[in-house]
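Letters A, B, ... mirror the listed sequences (proteins, then strands); counts begin at 1.
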Amino acid sequence: MDKKFYITTPIYYVNDKPHAGHAYTTLVADVLARYHRQNGEDTFFLTGTDEHGSKIAEAAAKHNQTPQEFCDQVSGVFKTAWDKDHLGIAYDYFIRTTDPNHEQAVRDIFQKLLEAKTPANNPVLYEGEYAGLYCTGCEKFLTEKELVNGLCPDHKRAPEVLKEKNYFFRLADYLPAIEQKIVSGELQILPEHKKNEALGFIKQNVPDFSVSRSSVKWGVDLPFAPGQVAYVWIDALSNYITALGYPKNLELMAKYWPADVQLMAQDISKFHTIYWPALLMALNLPLPKTMFIHGFFTIDGQKMSKSIGNVIDPNDLVAQFGQDGTRYLLLSQFPLGQEADLQASLFKERYNNDLANGLGNLVARTANMIETYLAGKNPITKKNSLNLNNDLPDLNKFFIYEYLVAIRSLIDQANRLIDEKKPWQLVKTDLASTQEVLGQVGELIILVAEKLAPIMPAISAKITKQFTSDIIKKEEALFPRLN
RNA sequence: CGCGGGGUAGAGCAGUUGGCAGCUCGCCAGGCCCAUAACCUGGAGGUCGUCGGUUCAAGUCCGACCCCCGCAACCA
């Protein structure tokens with residue numbers, strides 16, 4: 001039986017176009033997905049857009065569009081940014097929470113929740129009257145304790161006093177089990193400090209939360225609760241299973257669920273580490289195996305911000321550095337998971353150094369020598385004449401940054417080999433040795449290309465094709481130097 | 001007693017389980033001339049924030065302290 005690998009990104013909120021942060025998360029998922037596909041695993045990679053909520057309705061109104069028109073448009077912008085002419089994200093399915101299938105699935109999920117019992121044999125959902133302070137920015141009720149000077153600390157606006165009868169999720173009955181699963185590693189949360197954070201949430205005792213809203217119009221309406229729509233987070237989190245057909249069509253569910261890796265940034269960790277497992281348990285579904293929560297990065301030392309004007313549009317990067325160049329630049333700057341700085345001011349320098357002077361130049365000089373010294377005859381023998389160490393840092397352990405460092409050293413190794421053996425001198429006296437050396441360099445190049453496939457798929461394929469042909473010719477620069 | 005991140009060469013950063021302190025850029029000197037003014041070698045430059053502890057051995061573990069940054073909006 002084939003091994004399977006199911007990886008998800010969060011679905012992105014469509015109140016604005018994608019930026020470097022969305023691109024980063026999505027890219028990481030893409031790299032892991034490609035890596036697992038390369039290893040022959042049956043891989044399913046899910047991403048998409050989150051389209052409900054009052055903020056979307058507001059944004060749509062501002063643009064004189066219906067919410068649906070607005071969502072269609074922005075969701076399309078995301079798809080474009082990921083497509084093969086841009087970042088090259090090879091997702092298997094792109095879900096939208098306004099998909100009729102998803103909406104119906106959410107209704108079905110609510111129906112199931114309505115009928116479900118907690119481990120303590122209480123109904124999972126119960127009706128309650130909630131009178132609370134609701135912040136439309138957060139899409140949630142705030143406690144008085146959370147307010148700062150009467151304002152939402154996150155949005156600096158006064159919450160509205162809202163009284164509504166809605167359904168609550170009996171989270172309390174699930175917290176002990178969630179804690180146990182996190183502690184035991186049955187639900188692995190990475191990096192470690194994020195795991196501690198999740199356990200911290202539980203220690204602080206997360207209250208039951210309401211799962212329906214009467215104050216919101218743009219959402220999945222709930223037949224059993226006229227006038228109410230699904231709380232956006234229930235709607236959003238469900239995407240990871242509705243995308244697989246849950247609950248109507250269980251074929252893909254059986255194949256792929258539980259998710260192997262769920263990636264996200266830290267802002268939504270609480271929803272994923274607490275609410276999401278609770279929801280799954282209430283539905284009697286297994287929990288995802290691993291959640292990887294990465295930090296936010298600053299850009300040149302400053303918080304990414306519209307008002308500062310340093311928000312990076314991934315499409316602009318692709319236009320300047322190409323698809324693979326952009327992918328490399330975003331992934332090579334800091335280890336995955338950390339809060340770190342993305343040095344946009346160094347993009348060009350790194351591009352020139354690592355890609356143009358490094359990989360690109362190596363490929364060019366090697367191909368050129370093979371073409372001129374060996375009449376292009378491919379000198380690569382299959383044997384591992386260099387005793388190459390194939391062990392790179394494990395992408396499965398999220399060592400993407402470290403992996404790239406190792407690849408750079410392979411490139412250095414190839415350059416050093418050329419300089420040591422000086423094929424341009426060798427060729428005058430010893431054609432056989434020249435052929436051997438260039439064959440070894442070629443081996444290294446092919447190895448680099450193979451290892452690079454998940455990260456720079458297009459370039460990797462180009463190099464592989466060039467160096468597995470019978471006749472190797474010098475081709476146009478892979479990464480033209482930028483000035 | 002809020003939460004979190006960080007302080008390692010001039011700059012920007014690595015350093016998985018403690019075992020000779022690394023990478024990129026920049027700088028200096030040399031080499032090479034196949035290549036995208038690229039490539040290679042050598043060098044200068046660090047008391048790894050401070051103090052104390054554990055250890056044969058600590059950037060890496062423990063304790064205390066100092067300093068910087070994020071925790072409005074947009075938002076991975």
Side-chain angles (χ1 to χ4, degrees), chain A residues 9-10 12-13 15-29 55 59 137 145-146 148 151-157 191-194 196-197 200-201 204 263-268 293-298 300-309 311 314 330 332-335 338-341 343 345-346 349-350 352-373 393-394 397-399 401-402 404-405 408-409 411-412 414-427 434 438 441 474 476-483:
Chain A
T9 72
Y12 304 117
Y13 209 47
N15 55 349
D16 209 345
K17 63 181 184 180
H19 56 59
H22 299 101
Y24 183 75
T25 309
T26 311
L27 202 45
V28 169
K55 269 194 286 190
K145 214 172 137 191
E146 286 175 301
V148 177
L151 302 177
C152 166
D154 288 336
H155 298 86
K156 288 283 187 250
R157 65 172 92 158
E192 194 71 12
H193 65 265
K194 298 295 182 191
N196 296 334
E197 207 171 276
F201 292 145
Q204 290 158 39
L263 271 174
M264 74 208 74
Q266 59 193 11
D267 55 335
I268 51 179
I293 302 166
H294 70 258
F296 278 176
F297 50 74
T298 51
D300 289 323
Q302 285 186 297
K303 190 177 158 80
M304 189 193 303
S305 144
K306 274 187 183 169
S307 42
I308 294 173
V311 176
L330 286 176
S332 64
Q333 294 223 10
F334 47 80
Q338 297 193 1
E339 305 214 338
D341 189 41
Q343 295 175 275
S345 56
L346 294 182
E349 180 186 310
R350 286 177 181 268
N352 279 335
N353 188 65
D354 296 349
L355 300 180
N357 298 349
L359 180 57
N361 183 57
L362 171 66
V363 166
R365 69 193 298 211
T366 306
N368 184 62
M369 286 189 282
I370 292 172
E371 183 174 0
T372 53
Y373 301 159
D394 193 349
K397 293 183 179 158
F398 304 94
F399 290 146
Y401 172 92
E402 297 82 350
L404 286 172
V405 171
R408 279 201 297 273
S409 92
I411 292 168
D412 291 345
N415 273 322
R416 239 178 282 127
L417 186 62
I418 294 174
D419 275 63
E420 272 167 28
K421 305 285 184 178
K422 303 186 185 8
W424 51 91
Q425 281 180 16
L426 258 190
V427 69
T434 308
L438 291 176
V441 173
K474 186 173 180 185
E476 60 179 17
L478 295 173
F479 301 100
R481 204 182 154 80
L482 298 172
N483 294 307

Rounding to an integer number of angstrom, what distance separates [N] and [M] when you compare their [atom1] atoms?
| N | M | atom1 | result |
| --- | --- | --- | --- |
| B:rC69 | B:rG10 | C1' | 22 Å |
| B:rC39 | B:rC33 | C1' | 9 Å |
| B:rC27 | B:rC66 | P | 41 Å |
| B:rG7 | B:rG49 | C1' | 6 Å |
| B:rU50 | B:rC67 | P | 15 Å |
| B:rG6 | B:rA14 | C1' | 14 Å |
| B:rC48 | B:rC61 | P | 15 Å |

List, with names and distances, any nitrogen or oxygen atoms from the protein found under 3.5 Å away from nitrogen or oxygen atoms belonging to nucleotides 11-16 of chain B.
{"residue": "B:rG12", "atom": "O2'", "partner": "A:Q343", "partner atom": "OE1", "Å": "2.2"}
{"residue": "B:rG12", "atom": "O2'", "partner": "A:Q343", "partner atom": "NE2", "Å": "2.4"}
{"residue": "B:rA14", "atom": "OP1", "partner": "A:Q338", "partner atom": "OE1", "Å": "2.9"}

Practice prompt. Tell me what A:Y24 touches on the nucleic acid: a base, only sugar-phosphate, or nothing, going by heavy atoms under 4.0 Å.
Written response: nothing
Item to complete: Select base, sugar-phosphate, or nothing to describe what A:F297 touches, counting heavy atoms under 4.0 Å on all strands.
Response: base
Protein-nucleotides 33-39 of chain B N/O pairs closer than 3.5 Å?
{"residue": "B:rC33", "atom": "OP1", "partner": "A:Q425", "partner atom": "NE2", "Å": "3.0"}
{"residue": "B:rC34", "atom": "O4'", "partner": "A:Y373", "partner atom": "OH", "Å": "3.0"}
{"residue": "B:rC34", "atom": "O3'", "partner": "A:N368", "partner atom": "ND2", "Å": "3.1"}
{"residue": "B:rC34", "atom": "O2'", "partner": "A:N368", "partner atom": "ND2", "Å": "2.9"}
{"residue": "B:rC34", "atom": "O2", "partner": "A:R365", "partner atom": "NE", "Å": "3.1"}
{"residue": "B:rC34", "atom": "N3", "partner": "A:R365", "partner atom": "NE", "Å": "3.4"}
{"residue": "B:rC34", "atom": "N3", "partner": "A:R365", "partner atom": "NH2", "Å": "2.5"}
{"residue": "B:rC34", "atom": "N4", "partner": "A:R365", "partner atom": "NH2", "Å": "3.1"}
{"residue": "B:rA35", "atom": "O3'", "partner": "A:K474", "partner atom": "NZ", "Å": "2.8"}
{"residue": "B:rA35", "atom": "O2'", "partner": "A:N361", "partner atom": "OD1", "Å": "2.6"}
{"residue": "B:rA35", "atom": "N1", "partner": "A:R365", "partner atom": "NH2", "Å": "3.3"}
{"residue": "B:rA35", "atom": "N3", "partner": "A:N361", "partner atom": "ND2", "Å": "3.3"}
{"residue": "B:rA35", "atom": "N3", "partner": "A:R365", "partner atom": "NE", "Å": "3.0"}
{"residue": "B:rU36", "atom": "OP1", "partner": "A:K474", "partner atom": "NZ", "Å": "2.4"}
{"residue": "B:rU36", "atom": "O2", "partner": "A:F479", "partner atom": "O", "Å": "3.2"}
{"residue": "B:rU36", "atom": "O2", "partner": "A:R481", "partner atom": "N", "Å": "3.3"}
{"residue": "B:rU36", "atom": "N3", "partner": "A:F479", "partner atom": "O", "Å": "2.9"}
{"residue": "B:rU36", "atom": "O4", "partner": "A:G360", "partner atom": "O", "Å": "3.1"}
{"residue": "B:rU36", "atom": "O4", "partner": "A:L478", "partner atom": "N", "Å": "3.2"}
{"residue": "B:rU36", "atom": "O4", "partner": "A:F479", "partner atom": "N", "Å": "3.4"}
{"residue": "B:rA38", "atom": "OP1", "partner": "A:R481", "partner atom": "NE", "Å": "3.0"}
{"residue": "B:rA38", "atom": "OP1", "partner": "A:R481", "partner atom": "NH1", "Å": "3.1"}
{"residue": "B:rA38", "atom": "OP1", "partner": "A:R481", "partner atom": "NH2", "Å": "2.6"}
{"residue": "B:rA38", "atom": "O2'", "partner": "A:N361", "partner atom": "OD1", "Å": "3.1"}
{"residue": "B:rA38", "atom": "O2'", "partner": "A:N361", "partner atom": "ND2", "Å": "2.5"}
{"residue": "B:rC39", "atom": "O2'", "partner": "A:R365", "partner atom": "NH1", "Å": "2.9"}
{"residue": "B:rC39", "atom": "O2'", "partner": "A:D419", "partner atom": "OD1", "Å": "2.8"}
{"residue": "B:rC39", "atom": "O2", "partner": "A:D419", "partner atom": "OD2", "Å": "3.1"}

Under a 3.5 Å cut-off for both distances, is [N] Watson-Crick or wobble paired, and to whom?
| N | result |
| --- | --- |
| B:rC71 | B:rG2 |
| B:rU17 | none |
| B:rU50 | B:rA64 |
| B:rU41 | B:rA29 |

Worksheet item: Atom CD1 of A:I293 to atom P of B:rG5: distance rounded to whole Å?
Response: 12 Å
Worksheet item: Side chains of A:R481 and A:N361: is there a donor and an acceptor less than 3.5 Å apart?
Response: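 No pair is found: no donor N or O on one side chain lies under 3.5 Å from an acceptor on the other.
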